[in-house]
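Along the sequence shown, residues are numbered consecutively beginning with 1. Because the structure is predicted, anything quoted here is derived from the model rather than measured.
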Amino acid sequence: MILIGDVRERLKELPDQSVNCCVTSPPYWGLRDYGNDGQIGLEQDPDDFVAQLVAVFREVKRVLRDDGTLWLNIGDSYNGSGGNHQPHHKNETGFQGKIGAEKYKGKGRHIDTGGLKPKDLVGIPWMLAFALRTDGWYLRQDIIWHKPNPMPESVTDRCTKSHEYIFLLSKSPRYYYDNEAIKEPSANLGKTAIKFGGNKYGDSDDPKHATKSGNEYTDAGTRNKRDVWTVSTRSYKGAHFATFPTALIEPCILAGSPIGGVVLDPFFGAGTTGLVAQRHGRKWIGCELNPEYAALAQTRIEAEANLFTSSD
């Protein structure tokens, strides 16, 4: 189900504790004008931007079950740069194609409040994370999205940026988290190690799968998923703009919701959250400000559903 309109209003229509987890990436600050008054992302001050998002996620918290989680991807920008970071999804620079009504707003915005100087990294991801923690969320983890194919940058006084953050936040100190669903193969899978103090199972977090021969142990198990995720960016040719890579949000949905559960994305865009949720037997709800994006997302999700139905 896609709710079209301002997320701050449409979320009010959802009942309390009706969602298992939320996976989303809000508009990045100061990068796009979607042609709607009061839209999030064009605030004159980053503190105002953060305050607007805190209000949105306060409503998300209401609709989450008590054991629900929020998986939040947010990027940063440089003061006065017009958005010097890596385009990867619906809200960033590099939009070209069928939906051209919105105009790029990265015109070298300078903010002089809060001690920000020209060329300063604003620090919006951590500003938002700390603000959400102050608002009552449990800030459980910062996950690094490592991009092996980052957008090239022409800067010569710093490194090219090749990562973003995904924050895991929870509504309660105890929450649904399916650790087994996202375990990864041990880096030493099939390798043999000699017990020599410490961890005789090598890299494995699951020692019951290690096999012993004399004083040697063969690692045949899995390990807990690490907090650096290497995932290449992907483009969505339907509208010629990049979206969430499906591989990036699969772990969020698999760990954050049971089969048959409900996944929410309040900034739905091309609908990748809904697509992945549907692919893994979850229900989904999306909110989208732009009706054209919503139509694209609906078509995309239905096309995959029809493909699988027709192949049965």
Side-chain angles (χ1 to χ4, degrees), residues 24-34 39-50 53 71-100 102-130 141-167 226-249 252 267 269-270 272 293:
T24 195
S25 183
Y28 290 4
W29 176 62
L31 291 179
R32 287 205 168 278
D33 184 352
Y34 292 91
Q39 66 192 275
I40 294 172
L42 294 184
E43 294 78 8
Q44 290 300 306
D45 187 287
D47 289 324
D48 294 338
F49 169 68
V50 168
L53 288 180
W71 305 74
L72 172 63
N73 167 233
I74 186 73
D76 215 338
S77 55
Y78 287 86
N79 191 24
S81 69
N84 262 335
H85 60 289
Q86 310 318 305
H88 77 90
H89 69 88
K90 61 195 181 275
N91 299 314
E92 297 194 69
T93 61
F95 189 104
Q96 303 169 353
K98 297 178 182 178
I99 301 178
E102 68 280 14
K103 296 180 180 179
Y104 173 52
K105 293 293 288 185
K107 298 180 180 179
R109 172 174 296 190
H110 275 177
I111 300 298
D112 297 322
T113 60
L116 281 175
K117 305 172 293 300
K119 298 184 70 171
D120 271 343
L121 184 64
V122 179
I124 281 176
W126 285 104
M127 289 174 61
L128 178 57
F130 292 152
Q141 188 163 43
D142 62 319
I143 296 163
I144 302 298
W145 172 18
H146 163 232
K147 305 176 186 180
N149 60 337
M151 179 67 70
E153 295 183 285
S154 59
V155 293
T156 58
D157 59 355
R158 62 172 175 81
C159 302
T160 293
K161 194 171 180 63
S162 62
H163 79 279
E164 290 187 17
Y165 287 102
I166 298 174
F167 292 109
R226 279 15 184 189
D227 62 0
V228 177
W229 299 358
T230 299
V231 180
S232 297
T233 60
R234 294 285 187 269
S235 295
Y236 170 43
K237 63 182 181 180
H240 302 288
F241 64 90
T243 67
F244 260 153
T246 57
L248 182 70
I249 61 173
C252 308
F267 301 98
T272 305
Y293 284 153

Given the rule in the side-chain contact (heavy atoms from CB on, under 4.5 Å) test, do Ile166 and Leu248 qualify, once you have shown the distances and angles that lead to the verdict?
CA-CA 10 Å; Ile166 298 174; Leu248 182 70; 3.6 Å; yes

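- Partners of Asp120 according to the salt bridge (Lys or Arg N to Asp or Glu O under 4.0 Å) rule, which considers only residues two or more places apart in sequence or in another chain, are Lys117.
- Taking CD1 of Ile74 as the start and CZ of Phe167 as the end, the distance is 9.0 Å to the nearest 0.5 Å.
- Take Asp142 and apply the side chain to side chain donor-acceptor pair (under 3.5 Å) test, not counting sequence neighbours, and it matches no residue.
- Distance CG/Leu53 to CZ/Phe267: 5.5 Å, rounded to 0.5 Å.
- Taking 4.5 Å as the limit, some side-chain heavy atom of Met127 sits within range of a side-chain heavy atom of Val122.
- Put simply, the side chain of Asp76 never gets that close to the backbone of Pro125: no donor and acceptor are under 3.5 Å apart.
- Remark: Phe49 CZ to Ser77 OG distance equals 8.5 Å, nearest 0.5 Å.
- The distance from atom CD1 of Ile249 to atom CH2 of Trp71, rounded to the nearest 0.5 Å, is 12.0 Å.
- The closest donor-acceptor contact from the side chain of Trp29 to the backbone of Glu43 lies under 3.5 Å.
- Leu116 places a side-chain heavy atom less than 4.5 Å from the side chain of Pro46.
- To the nearest 0.5 Å, the span separating CG on Leu72 from OG1 on Thr24 amounts to 7.5 Å.
- Not one N or O on the side chain of Ser162 forms a donor-acceptor pair closer than 3.5 Å with the backbone of Pro150.
- Looking at heavy atoms from C-beta onward, Trp229 lies in side-chain contact with Cys252 at the 4.5 angstrom threshold.
- A tilted orientation is assigned to the rings of Phe130 and Trp126, their planes being inclined by 30° to 60°.
- Residues Lys119 and Asp157 have side chains in contact (heavy-atom distance under 4.5 Å, counting atoms from C-beta outward).
- Under the rule for a side-chain contact (heavy atoms from CB on, under 4.5 Å), the partners of Asp227 that lie at least two apart in sequence or sit in another chain are Gln141.
- The pair Lys147-Glu164 counts as a salt bridge, with a side-chain nitrogen and a carboxylate oxygen less than 4.0 angstrom apart.
- With rounding to the nearest 0.5 angstrom, the CH2 atom of Trp145 is 6.0 Å from the CG atom of Asn73.
- A search for side chain to side chain donor-acceptor pair (under 3.5 Å) contacts involving Thr230 returns His146, not counting sequence neighbours.
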